[in-house]
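Only one structure is covered here, and it is reproduced in the block below.
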Amino acid sequence: MRNQEIASIFYEIADLLEIKGELPFKVRAYRRAAQRIETLDGDIEDIYSEGKLREIPGIGEALAKKIGEIIETGRLEYLERLKKEVPEGVVRLMSIPGLGPRKTAVLYKKLGIKNIEELKKAAEQGKLRDLDGFGVITEKNILRGIEMLERSRDRVLLSMAFEDGSHLVDYLKGNRDVLNISIAGSLRRMKETIGDIDILVSSLKPEGIMDFFVKYQDVYQILVKGSTKTSVILRDGLQVDLRVVKPESFGAALQYFTGSKEHNIQIRNLAIKKGFKVNEYGVFEKDTEKYVAGKHEEEVYKAIGLQYIEPELRENRGEIELAQKNKLPRLIGYNEIKGDFHIHSNWSDGSASVEEIARFGEKLGYEFVGIADHSASLKVAYGLSEEKVMKKIKEIRRVQERFDIRILVGTECDIKPDGTMDYRDSVLKEFDFVYAAIHTRFKMSRREMTERIVKALENEYVNFLAHPTGRLIGRRDAYEVDVEKIIDAAKENNVFLEINAFPDRLDLNDVHAKMAKDKGVGMVIGTDAHSLDHLRFMRYGIAVARRGWLEKKDVLNTCSLNEIERTLLR
DNA sequence: GCCGTTTTCGGCCCGACTGTTTTCAGTCG
């Protein structure tokens with residue numbers, strides 16, 4: 001699977017061409033192709049060997065040839081040549097806010113600046129202000145941009161942005177002039193990581209709202225402040241953009257600012273074909289400029305002949321084509337989960353007792369909670385020995401008598417390096433359900449790791465595979481594993497793949513979840529909760545499921561207790 | 001560099017904000 005590698009090369013070429021001052025459309029062609037390849041369902045090497053590269057939208061003759069060269073030789077002559085013309089550090093200059101390709105090119109050509117260090121020095125010495133298109137303020141802003149870059153983190157986890165965004169929306173609702181309000185941007189699409197928070201408001205008095213916004217207690221710095229757009233940095237480093245539009249444009253603006261960029265470009269192109277113009281103020285007839293729609297987002301899609309597209313689907317992965325045919329999946333809803341299987345109790349490394357978990361589950365309106373503590377060999381997480389776990393099962397059966405909510409007793413049982421399970425079958429058969437999971441020896445070869453997991457899935461007592469790729473967002477890459485083979489093995493053995501909802505896992509991710517769905521594999525969303533609070537992470541797992549086009553029927557824990565008992569209990 | 005129920009050549013999404021300019025280019029989303 002070299003999709004990401006090839007996408008990265010194309011992104012790099014796009015940056016280099018941009019600095020060189022190449023045609024913007026050529027630059028865009030490379031970016032579009034990179035984005036396509038990045039989100040491809042299949043393995044690009046397979047597509048190449050089948051001779052079907054040209055069938056990928058955005059891949060023409062020239063790019064197909066380049067992909068072939070990369071696959072065959074492991075390198076790309078064209079990229080090597082570009083890199084000789086523009087040193088590596090110059091590309092990175094563009095990550096400084098306010099520096100785009102044009103100014104970066106001037107810095108390189110006129111002053112020979114090749115990296116951020118040199119740029120900082122030149123700015124401090126006042127050498128930038130006399131360049132064409134630069135001034136004293138630009139110079140100052142560049143210094144501030146460098147400082148921000150050094151201080152700022154990359155993208156943050158969805159959960160953090162979701163919390164910040166929810167609080168801000170509550171705060172803004174306190175202003176009487178706010179008529180309508182919504183989160184927009186990648187946060188509304190519920191991407192796994194978020195770069196900044198976009199909030200959209202409709203109002204007839206924007207200025208007062210902007211003043212109110214910048215007075216929010218967590219605002220650390222104001223970046224820009226206008227009557228329609230204001231951007232701030234919060235104390236935790238996250239940027240927030242607030243846009244204010246008139247009520248008749250709220251739907252169009254929400255559509256526009258929710259993105260993704262690629263989705264919107266397709267929407268606009270489609271609109272043009274049908275004789276309309278779409279912008280953030282509404283849908284207009286192209287010839288007469290007559291306003292057709294814009295107050296509600298649904299109208300915008302309807303006006304250009306499309307079924308409404310849920311925000312989580314708006315990644316230009318084929319959703320527009322399906323919306324034209326009225327064939328979009330009916331996504332699993334945020335309120336359709338009837339229970340959580342992946343909960344750790346204080347029998348192992350969780351903080352809550354089984355009673356507390358049961359009570360909290362009732363509060364959430366669940367029909368069942370599943371206790372899945374670690375198995376014996378995972379000593380760091382107080383994994384339970386076989387004797388202790390038998391005792392636990394008995395005790396929980398007694399706790400059950402005091403509750404209406406069903407307490408299912410399971411385990412998150414380790415898969416040992418040789419693919420056998422950490423508990424003997426005679427123990428496994430005592431549980432209501434069994435999660436298999438990898439927590440050790442992450443650095444096996446791809447083949448060994450795949451075989452190890454497949455062997456575990458073949459165990460007749462294994463129901464679920466927990467966090468199938470083991471990645472920790474921003475901290476640890478997925479282990480080397482053939483996800484497609486895992487999906488096939490899950491199908492073969494009737495095992496459900498987990499979408500782990502813990503914020504830094506979200507594993508399976510959206511792309512793999514869709515792959516599993518397309519192959520007819522069932523999935524289960526588990527929070528991996530280690531405290532009662534964590535049970536609320538369920539929404540992030542549902543978000544991944546929705547981004548993976550999953551419907552209610554694809555997710556086991558949308559089923560009633562009766563159906564689940566029929567499926568699982570032997 | 002891609003692409004075609006208006007085109008195999010001539011298009012390619014669109015507007016706000018800033019800083020530089022004195023009517024607009026660059027950047028951003």
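Note that the structure is a prediction, hence the values are computed from the model and not measured. Labels below follow one simple rule: chain letters A, B, ... track the order of the sequence lines, proteins then strands, and each chain is numbered from 1.
- Among the atoms of the strands shown, none is found under 4.0 Å from any heavy atom of A:Phe257.
- Using a 4.0 Å heavy-atom distance criterion, A:Val245 is classed as making no nucleic acid contact.
- Separating the P atom of B:dC9 from that of B:dC14 is a span of 25 Å, rounded to the nearest Å.
- Across all strands, A:Pro24 comes closer than 4.0 Å to no nucleic acid atom at all (heavy-atom distances).
- One C1' atom belongs to B:dG29, the other to B:dC13, and the distance between them is 12 Å to the nearest Å.
- Comparing atom distances between the A:Lys103 side chain and each of B:dG29, B:dG26, B:dC17 picks out B:dG26 as nearest.
- The separation of B:dT7 from B:dC2, taken at their C1' atoms, amounts to 14 Å, rounded to a whole angstrom.
- Distance CG (A:Asp241) to C1' (B:dT27): 13 Å, rounded to an integer number of Å.
- A:Lys274 comes within contact range of no nucleotide atom at all, as no heavy-atom separation falls under 4.0 Å.
- No engagement by A:Lys65 is indicated, since no non-hydrogen atom pair under 4.0 Å with the nucleic acid exists.
- Contact annotation for A:Ser227: backbone-only contact, meaning every heavy-atom pair under 4.0 Å involves sugar-phosphate atoms and none involves a base.
- A:Tyr78 carries A:Lys66 over the face of its six-membered ring, with the cationic atom under 6.0 Å from the centre and within 45° of the normal.
- Comparing B:dT27 with B:dT21, their P atoms sit 15 Å apart, to the nearest whole Å.
- Atom name P, nucleotides B:dT22 and B:dC28: the rounded distance is 23 Å, in whole Å.
- Here A:Lys277 lies in heavy-atom contact (under 4.0 Å) with sugar-phosphate atoms only.
- For the C1' atoms, the distance from B:dG26 to B:dT20 is 10 Å, rounded to whole Å.
- When the nucleotides B:dG15, B:dT20, B:dC12 are ranked by their closest atom to the side chain of A:Thr138, B:dT20 comes out on top.
- In this structure, the CD1 atom of A:Ile9 is 17 Å from the C1' atom of B:dG1, given to the nearest Å.
- Nucleotides B:dG10 and B:dG19 have their P atoms positioned 41 Å apart, rounded to a whole Å.
- Side-chain proximity of A:Asn141 to B:dC2, B:dG19, B:dA16: nearest is B:dG19.
- Counting any heavy atom pair closer than 4.0 Å across all strands shown, A:Leu23 reaches a base atom.
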